[in-house]
Engineer: 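Here it is, the structure in full.
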Amino acid sequence: GAGVSQSPSNKVTEKGKDVELRCDPISGHTALYWYRQSLGQGLEFLIYFQGNSAPDKSGLPSDRFSAERTGGSVSTLTIQRTQQEDSAVYLCASSLGGLQETQYFGPGTRLLVL
Amino acid sequence: GDSVTQMEGPVTLSEEAFLTINCTYTATGYPPLFWYVQYPGEGLQLLLKATKADDKGSNKGFEATYRKETTSFHLEKGSVQVSDSAVYFCALSDHQGGANNLFFGTGTRLTVIP
C-alpha cells in the first residue's frame, strides 16, 4: 500500500483479555517501530525491528507485552492479560532502515481496556 | 538518557500571527532532531528535520534551527493559517544499538482562529 496501515483502528476489550494489534509497513521498509501514545506518558518508544529481529526491546513496559515480525513485513504487537493502564493509541512506523531515514507513521490503533 | 522538553500548550493564535513553539533537548552528542505534526483525525507526519548542529529544517513555511549552544530546536512560522491547527511534537533520534528510536516531547496543541 501507499502508507503504513494498522488494524484494528479501534479495540475495546475487557481487563484480563489478550489483544493483538497488527501493522503493515510500507513495502520495502526494513525497519519497523512500535510506539504508544497515552495521556499520562505522551509518546513513548516500545520496540524496534530490523528485518525480523528485534535488537531493541527496551521500551516494552512489562512482560505482558510482546511483538513479532514475520517475512520482514507484517508485525504483531500482543498484550496479554490487559490492564486499564494499557489503554492508549498504539502507533506503528516504518523506515528504509538507515540511521538518517525518516519514519512514516500509521494511523494507530486506539485500545480501550474496560 | 536522551530527552526532549517542549512548550506545553495549548496555544491559540489568530490567523497570520507569528508562531513559536519552544523545544530543548538533552542528549549525548548531537542527535538528529525532528518536528512531527498530527492533524485532527490523522497520523503523525514528519514536518521537518535537522540532522546536525546549525542545520535549519524547513517545510510549509515552518522553520527550526538546530542550536547546540542552547540545545534548542524551536519551531517558528511567520504567519499561521487555520489549516495549521494540529498537535506538534518535537523529537530526537536515539542511535544507540544501531536503532533509530524517536524520543518525543509531550506535544503542543495549536489552534488557529480566523
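Quick note on labels: first sequence line is chain A, next is B, and so on, each numbered from 1.
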Engineer: For B/Glu8, does the CD atom have more than 12 heavy-atom neighbours from other residues, nucleotides or ligands under 6.0 Å away?
Structural biologist: no
Engineer: With a 4.5 angstrom heavy-atom cut-off, could you sort out which part of A/Leu91 is near chain B: side chain, backbone, both or neither?
Structural biologist: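 It is the side chain, since no backbone atom gets that close.
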Engineer: With sequence neighbours left out, write down each residue that passes side-chain contact (heavy atoms from CB on, under 4.5 Å) with B/Ala50, or none if nothing qualifies.
Structural biologist: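 By the side-chain contact (heavy atoms from CB on, under 4.5 Å) rule, B/Ala50 matches B/Asp55, B/Tyr66, B/Phe73.
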Engineer: At a heavy-atom separation under 4.5 Å, does B/Gln45 approach chain A through its side chain, its backbone, both, or neither?
Structural biologist: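 Neither part.
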Engineer: Can A/Ile47 be reached from A/Ile79 by stepping across I, L, V, M, F, W or Y side chains whose heavy atoms are under 4.5 Å apart?
Structural biologist: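 Yes: a chain of side-chain contacts under 4.5 Å links A/Ile79 to A/Ile47.
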Engineer: Side chain, backbone, both or neither: which part of B/Phe89 has a non-hydrogen atom closer than 4.5 Å to chain A?
Structural biologist: side chain
Engineer: Within a radius of less than 6.0 Å around CZ of B/Arg109, do more than 12 heavy atoms belonging to other residues, nucleotides or ligands occur?
Structural biologist: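 Atom CZ in B/Arg109 is not packed in, count stays at 12 or less.
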Engineer: Are B/Tyr36 and A/Phe105 close enough that their ring centres sit under 6.0 Å apart?
Structural biologist: yes
Engineer: Out of curiosity, B/Leu46 CG to A/Ser95 OG, how far, rounded to the nearest 0.5 Å?
Structural biologist: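 Here the rounded value is 12.0 Å.
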Engineer: So which part of B/Leu44 gets closer than 4.5 Å to some heavy atom of chain A, the side chain, the backbone, both or neither?
Structural biologist: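 For B/Leu44, backbone and side chain are both near chain A.
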Engineer: Do B/Trp35 and A/Leu43 sit in the same hydrophobic cluster, where Ile, Leu, Val, Met, Phe, Trp and Tyr count as joined when their side-chain heavy atoms come under 4.5 Å apart?
Structural biologist: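 The answer is no; the residues belong to distinct hydrophobic clusters.
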Engineer: For B/Glu16, is the CD atom crowded, meaning more than 12 foreign heavy atoms sit under 6.0 Å from it?
Structural biologist: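 Incorrect, the count does not exceed 12.
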Engineer: How long is the gap from CG on B/Asn101 to CZ on A/Phe45, to the nearest 0.5 Å?
Structural biologist: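 Here the interatomic distance stands at 3.5 Å.
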Engineer: If two hydrophobic side chains count as joined below 4.5 Å and joins carry through other members, does B/Val87 share a cluster with B/Ile21?
Structural biologist: no
Engineer: Out of A/Gln6, A/Gln50, A/Glu44, A/Gln103, return the one with the most heavy atom pairs under 4.5 angstrom to chain B.
Structural biologist: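 Heavy-atom pairs under 4.5 Å are most numerous for A/Gln103.
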Engineer: At a heavy-atom separation under 4.5 Å, does A/Gln37 approach chain B through its side chain, its backbone, both, or neither?
Structural biologist: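 Answer is side chain: those atoms of A/Gln37 sit under 4.5 Å from chain B.
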Engineer: Is it the side chain or the backbone of A/Tyr104 that comes within 4.5 Å of chain B heavy atoms, both, or neither?
Structural biologist: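 Contact with chain B is absent: no heavy atom of A/Tyr104 under 4.5 Å.
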